[in-house]
Amino acid sequence: MAGSSPSPGPSTLVSVLLAWWARRPPAAGAAVMTAGILSVGLRLAGYDVLSDIALAVTVLTWLGLAADFAVRLSRQPRRWLSDSGSPAAPSAVAATTVLGSQFSALGRQTLAGALLALAVVLWPVLLFLALRGWRRGMPGSVFLACVATQGPAVLGAAVAHAVRTAWPAHVALVFFWLGLALYAVAVYFFDWRQVVRGHGDHWVAGGALAISALAGAELLKAGKGPSYLWSDDGQHVLHSMTVTLLVLALAWYVVLWAAELLRPRPRYDIRRWSTTFPLGMTAAALLSAAPALGAGWLRTPGQVLLWIAVVVCLAVTAGAAVGPLRTIRSTGPR
């Protein structure tokens, strides 16, 4: 057709994608977390094929982020330190534990344990670098410190339950309480105006409570195994705390959706990946808590929230694809 531009060649496509990847901020780790938690939720809901597809996406994106992490650390240490000072940097820990949780659910406990060890090694480093930049009026990504701390709690409890070993569960319990303490601190530094002004990462305020509830549910499951883990009082405290966290996470869910409806923010922003992760995490928390709390009725709202998360994830994915596609078209031969 006259006047049309030929499609850009493979070399142009690769160069554009590489340029886009080079500008990727630490917040992109939330994309890995999103794919991972959707895979977890889909498996809990019984959609194994869809869960496997999401798992494949998680593995590929995690490998890409891990390679980028290693290259920047070895070749661009100053830039690595700068990026690691972002409040979103601890998402690398959370992404690693979410991936490990999937492997644990599939019975690959050795691999899950290796990812747990990696997350525990990364956790103090990335958390320390992120905490140095905390100040009043922080965006919602400040709650990723809690998310990154609850990640090892979830994975440690899952591994402990699978291999019937007590010590990973006790380590997980320490991370669980540390995560709640960090949430309380993050509340102090959070800019509450972000609820109506934020561009996506304000949802982590609710997602952090959802992953805390998921950690509580996993600890309850581990405690119900043949190994003696928690006393009756300890089990009761965990049960009450999990219920409380779940209620608070759902309250945040309602408030944040109401804020989105009152002040729509439809334009794509990379921070929207920090919206999709909390949506999926809230669904996964409900689905996991159903058997842990003996409340099977939670599966129905959990599945409803899961499909809402899937739809929002697809919309964000489409928004993420628009920018690179426009660049490819604009750089194509005329």
Side-chain angles (χ1 to χ4, degrees), residues 33 37 87-91 93-98 101 116 119-120 122-124 126-128 130-131 134 136 138-161 167-192 195 201-223 229-231 233-253 255-256 274 277-278 280-282 284-286 288-289 292-293:
M33 296 158 61
I37 200 58
S91 63
V93 177
T96 300
T97 55
V98 168
S101 297
L116 175 60
V120 170
L122 290 175
W123 176 78
L126 295 179
L127 186 65
F128 171 75
L131 290 178
W134 279 20
R136 293 299 297 272
M138 294 288 286
S141 54
V142 70
F143 291 100
L144 282 170
C146 171
V147 173
T149 305
Q150 294 293 5
V154 173
L155 180 52
V159 171
H161 181 61
W167 70 264
H170 289 296
V171 172
L173 186 63
V174 172
F175 274 94
F176 174 71
W177 291 113
L178 279 175
L180 294 181
L182 284 169
Y183 187 90
V185 177
V187 165
Y188 173 78
F189 287 98
F190 178 53
D191 179 5
W192 289 88
V195 173
D201 55 0
H202 57 291
W203 275 83
V204 185
L209 288 177
I211 193 174
S212 299
L214 178 60
E218 293 297 328
L219 286 166
L220 283 172
K221 292 177 186 177
L229 289 179
W230 326 124
S231 65
D233 288 341
Q235 193 81 356
H236 177 72
V237 169
L238 277 175
H239 187 281
S240 299
M241 184 60 68
T242 301
V243 172
T244 301
L245 290 169
L246 202 57
V247 170
L248 291 174
L250 290 172
W252 260 117
Y253 190 96
V255 169
L256 290 168
S274 293
F277 173 72
M281 181 56 71
T282 306
L286 284 170
S288 181
L293 299 177

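All values reported here derive from a predicted model rather than from experimental measurement.
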query: Would a distance-only check, ignoring hydrogens and angles, find a side-chain to backbone donor-acceptor pair under 3.5 Å from Ser288 to Ala284?
result: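 Not a single qualifying donor-acceptor pair exists.
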Shortest non-hydrogen separation from [X] to [Y] and the atoms involved:
X	Y	answer
Leu144	Pro90	O-CB, 4.0 Å
Lys221	His161	O-ND1, 3.1 Å
Ala210	Ala285	O-CB, 3.5 Å
Ala157	Ala222	O-CB, 3.8 Å
Ala289	Leu246	CB-CD2, 3.9 Å
Val147	Met33	CG1-CE, 3.9 Å

Euclidean distance, [Y] [atom2] relative to [X] [atom1], rounded to 0.5 Å:
X	Y	atom1	atom2	answer
Leu219	Gln235	CG	CD	9.5 Å
Ser91	Leu126	OG	CG	8.5 Å
Tyr183	Leu248	OH	CG	7.5 Å
Thr242	Leu220	OG1	CG	4.5 Å

Is there a side-chain contact between [X] and [Y], using heavy atoms and a 4.5 Å cut-off?
X	Y	result
Leu238	Leu173	yes
Leu250	Leu286	yes
Trp203	Tyr253	yes
Leu127	Leu182	yes
Met281	Val154	no
Met241	Phe176	yes
Phe143	Val187	yes
Ser212	Leu180	yes

Apply side-chain contact (heavy atoms from CB on, under 4.5 Å) to Phe277 and Asp201, showing your working. CA-CA 10 Å; Phe277 173 72; Asp201 55 0; over 6 Å; no
Given Pro152, which of Val174, Thr96, Leu122, Thr97 fulfils the side-chain contact (heavy atoms from CB on, under 4.5 Å) condition?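 Only one of Val174, Thr96, Leu122, Thr97 forms a side-chain contact (heavy atoms from CB on, under 4.5 Å) with Pro152, namely Thr97.
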Ring pair (Phe, Tyr, Trp, His ring centres under 6.0 Å) against Phe175, all qualifying residues, sequence neighbours excluded: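 With sequence neighbours excluded, Phe175 shows a ring pair (Phe, Tyr, Trp, His ring centres under 6.0 Å) to Trp123, given in chain and number order.
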Mind checking what makes ring pair (Phe, Tyr, Trp, His ring centres under 6.0 Å) contact with Phe189, not counting sequence neighbours?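 In terms of ring pair (Phe, Tyr, Trp, His ring centres under 6.0 Å), with neighbours along the sequence ignored, Phe189 is linked to Trp134.
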#### Entry: salt bridge (Lys or Arg N to Asp or Glu O under 4.0 Å): pairs with one or both residues in residues 237-246, sequence neighbours excluded
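Counting only pairs at least two positions apart or across chains, no salt bridge (Lys or Arg N to Asp or Glu O under 4.0 Å) contact touches residues 237-246.
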